[in-house]
Amino acid sequence: QVQLVESGGGLVQAGDSLRLSCAASGRTFSMYVMGWFRQAPGKEREFVGGISWGGSTSRYADSVKGRFTISRDNAKKTVYLQMHSLKPEDTAVYYCAASSKTSYISVASSPYDYWGQGTQVTVSS
């Protein structure tokens with residue numbers, strides 16, 4: 001069982017940077033693949049990026065490659081999403097998710113067992 005809590009969202013201007021954090025509680029955090037998803041108004045929830053158990057492998061949506069970076073600190077039971085060069089189209093609720101079902105970084109939401117409540121990121125132009 002894992003509980004996830006996102007933080008770090010806010011209102012920023014285009015071109016700004018923001019770092020989201022996802023704090024996990026539980027005993028087996030290091031064994032979970034972690035992912036970030038986002039959902040904008042009127043749109044489906046989409047994969048943003050993910051990171052493997054050991055943090056050596058990451059995967060990103062094409063829309064954020066080169067701008068966003070995922071990292072994790074298993075000792076702190078925290079996963080981060082560092083966002084640079086933010087664009088208005090990045091505006092969404094960002095969700096942290098954890099999967100115990102796969103060692104692969106899935107772009108689909110179904111393998112993820114646990115979800116945070118989300119944190120709002122708003123990018124103005």
- Query: side chain to side chain donor-acceptor pair (under 3.5 Å): which pairs involve residues 85-96, sequence neighbours left out?
  - Reply: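 Non-adjacent pairs meeting side chain to side chain donor-acceptor pair (under 3.5 Å): Arg38-Asp90, Arg38-Tyr94, Arg67-Asp90.
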Tell me the closest heavy-atom pair linking [X] and [Y], and the distance in Å.
X: Val79; Y: Cys96; answer: CG1-SG, 3.6 Å
X: Phe37; Y: Ser106; answer: CZ-O, 4.4 Å
X: Ser21; Y: Thr78; answer: CB-CG2, 4.4 Å
X: Ala24; Y: Leu4; answer: CB-CD2, 3.6 Å
X: Ser17; Y: Gln82; answer: CB-NE2, 4.1 Å
X: Ala92; Y: Ala40; answer: CB-N, 3.8 Å

Rounded to the nearest 0.5 Å, what separates atom [atom1] in [X] from atom [atom2] in [Y]?
X: Phe47; Y: Tyr60; atom1: CZ; atom2: OH; result: 9.0 Å
X: Ser109; Y: Glu44; atom1: OG; atom2: CD; result: 9.5 Å
X: Leu18; Y: Leu11; atom1: CG; atom2: CG; result: 10.0 Å
X: Thr69; Y: Tyr80; atom1: OG1; atom2: OH; result: 14.0 Å
X: Met34; Y: Leu81; atom1: CE; atom2: CG; result: 11.5 Å
X: Leu20; Y: Glu6; atom1: CG; atom2: CD; result: 8.5 Å

Using only atom types and a distance under 3.5 Å, with no angle test, would you say the side chain of [X] pairs donor to acceptor with the backbone of [Y]?
X: Ser56; Y: Gly54; answer: no
X: Gln3; Y: Ser25; answer: no
X: Gln117; Y: Val5; answer: no
X: Ser99; Y: Pro111; answer: yes
X: Asp16; Y: Val123; answer: no
X: Arg72; Y: Ser52; answer: yes
X: Trp53; Y: Met31; answer: yes
X: Gln13; Y: Ser124; answer: no
X: Tyr112; Y: Trp36; answer: no

- Item | Joint cluster assignment, Val107 & Val64, ILVMFWY side-chain distance < 4.5 Å |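 No: no chain of side-chain contacts under 4.5 Å links Val107 to Val64.
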- Message: Please determine whether residues Trp115 and Val93 belong to a single hydrophobic cluster, defined as Ile, Leu, Val, Met, Phe, Trp and Tyr linked transitively by side-chain heavy-atom distances below 4.5 Å.
- Response: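 As far as the 4.5 Å side-chain criterion goes, Val93 and Trp115 are connected within one cluster.
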- Apply side-chain contact (heavy atoms from CB on, under 4.5 Å) to the pair Tyr104 and Val33, showing each step before the final yes or no. CA-CA 7 Å; Tyr104 301 99; Val33 169; over 6 Å; no
- Item | side-chain contact (heavy atoms from CB on, under 4.5 Å) between Phe68 and Leu86, intermediate numbers included | CA-CA 9 Å; Phe68 291 9; Leu86 283 163; 3.9 Å; yes
- Should Val121 and Met83 be marked as a side-chain contact (heavy atoms from CB on, under 4.5 Å) after you check the CA-CA gap, both sets of side-chain angles, and the distance that decides it? CA-CA 10 Å; Val121 173; Met83 304 182 291; 4.0 Å; yes
